[in-house]
Amino acid sequence: MSQIDKIPSLPEVHRTVSVPTNGSFWKKMLAYAGPGYLVSVGYMDPGNWATDLAGGAKFGYSLLSIILLSNLMAILLQALCVKLGVATGRDLAQACRDNFSKPVSFGLWVLCEIAISACDLAELVGSAIALQLLFNIPLAVGVCITALDVFVILFLQNKGFRYIEALVITIISVVGACFIAELIFAKPDLGGVLGGFIPQVEVVRNPEALYIAIGILGATVMPHNLYLHSSIVQTRNWEDIPEKKREAIKFGTIDSTIALSLALFINSAILILAAAVFHFSGKQDVAEIQDAYKLLSPMLGVAPASAIFAIALLASGQNSTLTATMAGQIVMEGFLHIRMKPWLRRLLTRLVAIVPALLTIIWFGEGSTTSMLILSQVILSLQLSFAVIPLIMFTSDRQLMGEFVNPTWLKVLACTVATIIVGLNGWLLIQTFSGWLNPS
């Protein structure tokens with residue numbers, strides 16, 4: 001391995017967060033807490049809102065079990081990311097470059113860049129919709145305003161990685177508080193909600209419910225999160241010995257599991273809100289974010305309900321752009337060894353998303369935003385298997401992982417999850433393209 005190959009991912013923050021060698025469980029947990037929350041924002045970004053809203057409005061609480069299943073799969077995959085990053089000192093992009101041929105690595109990089117741009121598209125469209133709902137700003141103008149977040153990222157990265165984590169956790173708290181308020185206003189049936197987390201045969205029997213369920217599964221696991229997590233877990237400065245690596249894996253996994261549990265709450269809250277407000281009042285055709293915003297306050301009889309909903313959307317979109325920026329930097333450095341200033345990388349990524357968004361809004365009108373959100377999720381689904389499969393391959397390779405290799409039971413479980421994700425995403429893509437080619 002050459003000297004350039006030994007350069008760690010995100011070198012400006014690599015091993016910059018100290019962890020105690022001794023101390024209580026909670027003191028160590030606090031030191032390791034953070035990366036999981038950066039990852040979790042990808043599981044509650046605006047791209048998930050449409051499927052959650054449609055699922056709740058159309059089928060009540062019955063698809064909550066699908067959100068739970070998706071989250072359990074995500075917890076497993078992110079735990080594998082922690083293991084890869086800690087055990088090997090390489091992130092997923094670097095591991096692909098180390099173990100695959102140059103043409104394969106380059107192809108994976110291209111696919112990942114497309115996925116990051118698609119994710120960024122969903123985030124900026126979601127943020128622009130929120131700005132329009134809150135301040136009546138035209139969507140095209142709102143799309144341009146969202147590019148200004150580059151300055152926030154530049155400022156925080158100069159301050160230190162803990163500042164980025166603190167901002168992300170604060171914004172997640174805002175989103176969570178907004179939905180706690182919304183659920184208090186909506187007064188959902190607790191028994192119905194708990195029953196919704198139990199898998200129901202009707203979901204499989206009803207083709208429309210199955211389609212939305214697969215859409216929820218397909219939109220949940222974000223491919224760029226796998227690259228991101230395997231890198232940012234290395235911001236912690238543990239001792240490079242097996243005992244401390246094992247400890248870092250344990251606390252990193254706990255961190256991501258807790259953070260993804262918060263993402264489960266927020267995704268579930270969107271669906272529960274839609275079910276409680278729209279499904280049981282006859283408004284089962286509500287599927288768009290703008291429609292939900294207009295109807296929430298009058299149907300709940302609470303004036304701030306719609307504004308709180310839009311604030312949560314804006315916070316969700318802005319939070320996701322922070323992590324997409326770092327993911328872009330990680331994959332470019334990992335696959336190509338190209339170093340680029342974070343603010344420049346952010347501008348380039350945002351421009352790739354802004355141009356198609358502006359052209360679509362100008363050409364097809366502001367009503368095209370939902371189609372753009374759906375398209376972004378389709379693109380992400382196309383790329384997902386190209387990140388999941390290498391991750392499972394590497395963490396199951398004893399030569400690469402040593403004593404931290406996946407045990408047999410975990411290999412079987414991970415391969416089962418991968419098969420489900422790849423199969424369902426493939427089915428979703430076939431159905432989506434069939435719908436586009438043969439519109440009813």
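In what follows, every heavy atom counts, from backbone to side chain, and hydrogens, waters and symmetry copies are set aside.
For the atom pair CG (L76) and OG (S256), the distance works out to 10.0 Å, reported to the nearest 0.5 Å. To the nearest 0.5 Å, atoms NE2 (H279) and NZ (K58) are separated by 9.5 Å. Taking CG of N406 as the start and CG of L413 as the end, the distance is 10.0 Å to the nearest 0.5 Å. The distance from the CG atom of N22 to the NZ atom of K27 is 9.0 Å, given to the nearest 0.5 Å. For the atom pair L63 CG and L69 CG, the distance stands at 12.0 Å (nearest 0.5 Å). The line from CG of L92 to CG of L228 is 11.0 Å long, rounded to the nearest 0.5 Å.
Under a 3.5 Å cut-off, the side chain of E182 and the backbone N or O of F309 do form a donor-acceptor pair. Proximity of a side-chain donor or acceptor of Q234 to a complementary backbone N or O of S230 within less than 3.5 Å is detected. Listed for the D255 side chain is a donor-acceptor partner under 3.5 Å among the backbone atoms of G36. Side chain of R90 to main chain of G85: no donor-acceptor pair is present (N/O by atom type, distance under 3.5 Å, no hydrogens or angles). Remark: the backbone N or O of V110 is not paired with any side-chain donor or acceptor of E113 at under 3.5 angstrom. At least one donor-acceptor pair under 3.5 Å links the side chain of N267 to the backbone N or O of Y43. Within the 3.5 Å criterion, the main-chain N or O of V17 finds no donor-acceptor partner in the side chain of R236. At least one donor-acceptor pair closer than 3.5 Å links the side chain of S105 to the backbone N or O of C96. Here the side chain of T419 pairs a donor or acceptor atom with the backbone of C415 at under 3.5 angstrom. Side chain of S40 to backbone of Y37: a donor-acceptor contact under 3.5 angstrom is found.
Across S18 and A31, no two heavy atoms sit closer than the pair O-CB, 4.0 Å. Looking at every heavy atom in both residues, A248 comes nearest to V86 through CB-CG1, 3.9 Å. Among all heavy-atom pairs drawn from A387 and Y227, the shortest one is CB-CE1, 3.9 Å. Between L80 and A414 the shortest heavy-atom distance is CD1-CB, 4.1 Å. Closest approach of F280 to A275, counting heavy atoms only: CD1-O, 3.0 Å. Taking all atoms of both residues into account, the shortest heavy-atom contact from P11 to E333 is CD-OE1, 3.7 Å.
Taking the side chain as every heavy atom from C-beta outward, D397 and V405 never approach each other to under 4.5 Å. Between K83 and L410, some side-chain heavy-atom pair lies under the 4.5 Å cut-off. For the pair W238/R15, a side-chain contact is recorded, criterion being any heavy-atom separation below 4.5 Å from C-beta on. Two residues are said to be in side-chain contact when any heavy atoms from C-beta on lie closer than 4.5 Å; I308 and F185 meet this criterion. With a 4.5 Å cut-off on side-chain heavy atoms, F25 and I254 count as touching. Side-chain contact between Q94 and I330 is absent, with no heavy atoms from C-beta onward closer than 4.5 Å. Side-chain contact between I129 and Q290: present, with at least one pair of heavy atoms (C-beta onward) separated by less than 4.5 Å. For the pair V41/V175, no side-chain contact is recorded, criterion being any heavy-atom separation below 4.5 Å from C-beta on.
Put simply, the residue from I67, I66, L72 that forms a side chain to side chain contact (heavy atoms under 4.5 Å, CB included) with S70 is I66.
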### Task
Could you walk me through whether D285 and F278 pass the side-chain contact (heavy atoms from CB on, under 4.5 Å) test, one step at a time?
CA-CA 8 Å; D285 58 342; F278 305 131; over 6 Å; no

### Query
Between E247 and K250, does a salt bridge (charged side-chain N to carboxylate O under 4.0 Å, His left out) hold up when you go through it step by step?
CA-CA 5 Å; E247 183 177 87; K250 180 181 77 171; 5.8 Å; no

### Message
Could you go through L64 and L68, starting from their C-alpha distance and side-chain angles, then the distance that decides it, and tell me whether this counts as side-chain contact (heavy atoms from CB on, under 4.5 Å)?
### Response
CA-CA 6 Å; L64 284 171; L68 177 60; over 6 Å; no

### Check against side-chain contact (heavy atoms from CB on, under 4.5 Å), C112 and F386
CA-CA 8 Å; C112 194; F386 295 100; over 6 Å; no

### Task
Quick one: do H14 and N237 satisfy side-chain contact (heavy atoms from CB on, under 4.5 Å)? Show the steps, please.
CA-CA 8 Å; H14 183 73; N237 190 21; over 6 Å; no

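A salt bridge is defined here as a Lys NZ or Arg NE, NH1 or NH2 lying under 4.0 Å from an Asp or Glu carboxylate O, and R246 with E243 fails to meet this definition.
The aromatic rings of Y32 and F251 sit parallel, their planes meeting at an angle under 30°, below the 60° perpendicular limit.
Annotation for K411: atom NZ counts as buried by contact number, over 12 foreign heavy atoms lying within 6.0 Å. In the displayed structure, K244 atom NZ is contacted under 6.0 Å by more than 12 heavy atoms of other residues, nucleotides or ligands.
Residues forming a side chain to side chain donor-acceptor pair (under 3.5 Å) with K245 (at least two apart in sequence, or on another chain): D240.
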